[in-house]
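Note that ligands are numbered from 1 as they come in the structure, with each ligand's atoms numbered from 1 the same way.
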Amino acid sequence: MKYSELAEVYEKLEGTTKRLEKTKILSALLKKTPADDVEEMVLLLQGRIYPAWDEREIGVASKTIAKAISIASGSDLKDVNKEWKKTGDLGLVAENLVRKKKQSTLSSSELTVRKVFSNVRKLAEEVGAGSVDRKLQGIAELLTSAKPIEAKYIARTILQDLRVGVGSGALRDAIVWAYFPIVKGLFPELADEEKKCKKALKAYSADGIKNIESYDAIEADEKVAREIYNRFADAVQQAYDLTTDFAVVAKTAKTKGMKGLENVEIRIGTPIKVMLALKTDTIEEGFETVGVPADVEFKFDGFRVQIHKDKDVNVFTRRLENVTSQFPEIVEYVKKYVKARSCILDAEAVGFDPKTKHYLPFQHISQRIKRKYDIERIAKELPVEVNVFDIIEYNGKNMIREPFRKRRELIEKIVSKEERKILPARAIVTGKESEVKEFFALSKEKGNEGVMIKKLDAPYKPGARVGHMLKYKSTMENLDLVITGAEWGEGKRATWLSSYDIACKKGGEFVEIGKVSTGLKEKPSEGLSFGEMTKILKPLIISEEGKHVKIKKHVVIEVAYEEIQKSPTYASGFALRFPRVLRIRDDKGISDASTLKMVEKLYESQK
Ligand code: AMP
């Protein structure tokens, strides 16, 4: 196919901001593109020569393109630079200068889509000594054969700045519109209906499906046509979710139709779209959605990684960027501790402090994702632990249709439990709300965000935000509370004050709102410890009665909890469910403590 046809389409696309218009333009082009050119065409339409997840880049500096324009158009480099400065767009510069020259010479050969594509790819593959020169020659050669508007888009493609605005939604719809009506025999089981609804199908294709509602006239056939259309659209979406490459999707749709789309294979090394979570505000509602018993897991505060293993290991982010070289330790752990010839794992990489081994919030490690230098050092300073929570492929077998229960079993079988390296995400299976609450509190205590509640018999749905996994995070604001009393512990905790009475402010007074004994550690190396707290509180003891002591109001602690309840037990009239100490607020005095008014407001907000 001639490149000029593509260049004209670029012009049209640039001329409209309306998505529907763009979709129409794209689908018309796809319809007339021969099967052999479809993949190149679809990539070029997106201004790419590799799919989005592919790390390879064209790697040509704009200066080199300016030089190539000068060579191809016979213009002085100074003039090229002047024009460039004026327009800020080397594409326009190429167009204008090539036009000037073309008035005096006649263009020799016609460029094809394939030729432009393969020449631009060659640029990307040029490396080593003399590569800059060879790239320059390659571009100049392309521009010399180009018509003015072709030159514009060749320059922009090489710059990776196409500026025609083809979004993935429009491209996906265009693929559906282009190939849905013309592929015959897609639905053997619907063959009769297909014949019947030919008219409807034709009408659809004529108007690019956009006016479904206006085809009421062919009512009887419309329903079937719509059904077929929807199934085809779903198949296109699913194929995209598995390949994340519209070029492959379009080619499959055109040559193999519906069946081909439905049988698209997962490929190791090609990232697939991840399944997304929904949210639940209560555990009860969570159970209602996923059924009981459910799988309940720690919800880690890290970042998602999709790990592909065969001979090599590749690591992709949730946005499908390849971050393998940024995380050498992940590659090492997967090679060492995952027993599989090939697999694709879905996991959360969580940062931790290498000294205390405590998890760190995501912000701490986020800098590693973009890091290009000093990788080994930063990997030691800010290491990650890989928590594997799903498996998508295993030894050549596509696992997405297997129930989650099976996938989880497999993870436990093939991933060894290597704390602070790699391990199956911590999980329980339960149908009891109280057990989820306890597990939630444990998860929070370990520095996680909350829990995930997952449906045991659900498949893996790439790219979909379906109710197969739900996140449950407490949204309650932490309280800063004053310690008014404490209790000596039992057994090996006998020398520690291990439970604390906590109070909020009510005017000038302090009223109790409960007791807290979790969140502190036994070993000082693990964080704020009972020993440390005892040392702080002991000098503040006012009186003792049995195991209980009264404490002078001085220490403020930050307390997290799951819920505020009404309670006659405490003077405030409220109690906290699952409270845990986060830290001592030595930056706050007792007059800065949370007030009873705040507590009342939070209580109301829960409803
Ligand atoms: P959110 O980003 O708030 O929508 O929550 C969903 C994200 O939680 C997922 O994309 C994962 O990155 C992350 N996550 C942490 N732990 C888990 C887990 N055990 N299972 C699934 N996702 C998890």
Ion pair E412/R408, N-O distance below 4.0 Å: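 Answer for the salt bridge query: yes.
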Return the residue, atom name and 0.1 Å-rounded distance of the protein heavy atom closest to [atom].
{"atom": "atom 7 (C) of ligand 1", "result": "K299 NZ, 4.0 Å"}
{"atom": "atom 10 (O) of ligand 1", "result": "R304 NH1, 2.9 Å"}
{"atom": "atom 16 (N) of ligand 1", "result": "F300 N, 3.1 Å"}
{"atom": "atom 14 (N) of ligand 1", "result": "E348 OE1, 3.5 Å"}
{"atom": "atom 22 (N) of ligand 1", "result": "F389 CZ, 3.4 Å"}

Applying a heavy-atom cut-off of 4.0 Å, say which part of F298 lies close to ligand 1: side chain, backbone, both or neither.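 The backbone, only.
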In terms of atom number and element, which parts of ligand 1 are under 4.0 angstrom from non-hydrogen atoms of R318?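 Per the distance check, 2 (O), 10 (O).
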Distance-minimising heavy-atom pair for G467 and T289: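 Distance-wise, the nearest heavy atoms are O-CG2, 4.0 Å.
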Between F352 and R420, is there a cation-pi geometry (under 6.0 Å to ring centre, at most 45° from the normal)?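 Output yes; distance and angle both within limits.
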Geometric N/O contact A425 with ligand 1, under 3.5 angstrom: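 No; every N/O pair is 3.5 Å or more apart.
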I'd like to know if the side chain of S416 and the backbone of Y337 have a donor-acceptor N/O pair within less than 3.5 Å.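 Confirmed, S416 side chain pairs with Y337 backbone.
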Closer than 3.5 angstrom, by distance alone: can the side chain of N448 be matched with the main-chain N or O of G450 as a donor-acceptor pair?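 No: the side chain of N448 does not pair with the backbone of G450.
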Quick check on R319: does its CZ atom have over 12 non-hydrogen neighbours (other residues, nucleotides or ligands) under 6.0 Å away?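 No.
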Do other residues, nucleotides or ligands put more than 12 heavy atoms under 6.0 Å from K461 NZ?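 Count not over threshold, so no.
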I'd like the name of whichever of K454, M469, K471 reaches closest to atom 3 (O) of ligand 1 through any heavy atom.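 Answer by nearest heavy atom: K471.
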Measuring from non-hydrogen atoms of K473 to any atom of ligand 1, is the shortest distance under 4.0 Å?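 It does; at least one heavy atom falls under 4.0 Å.
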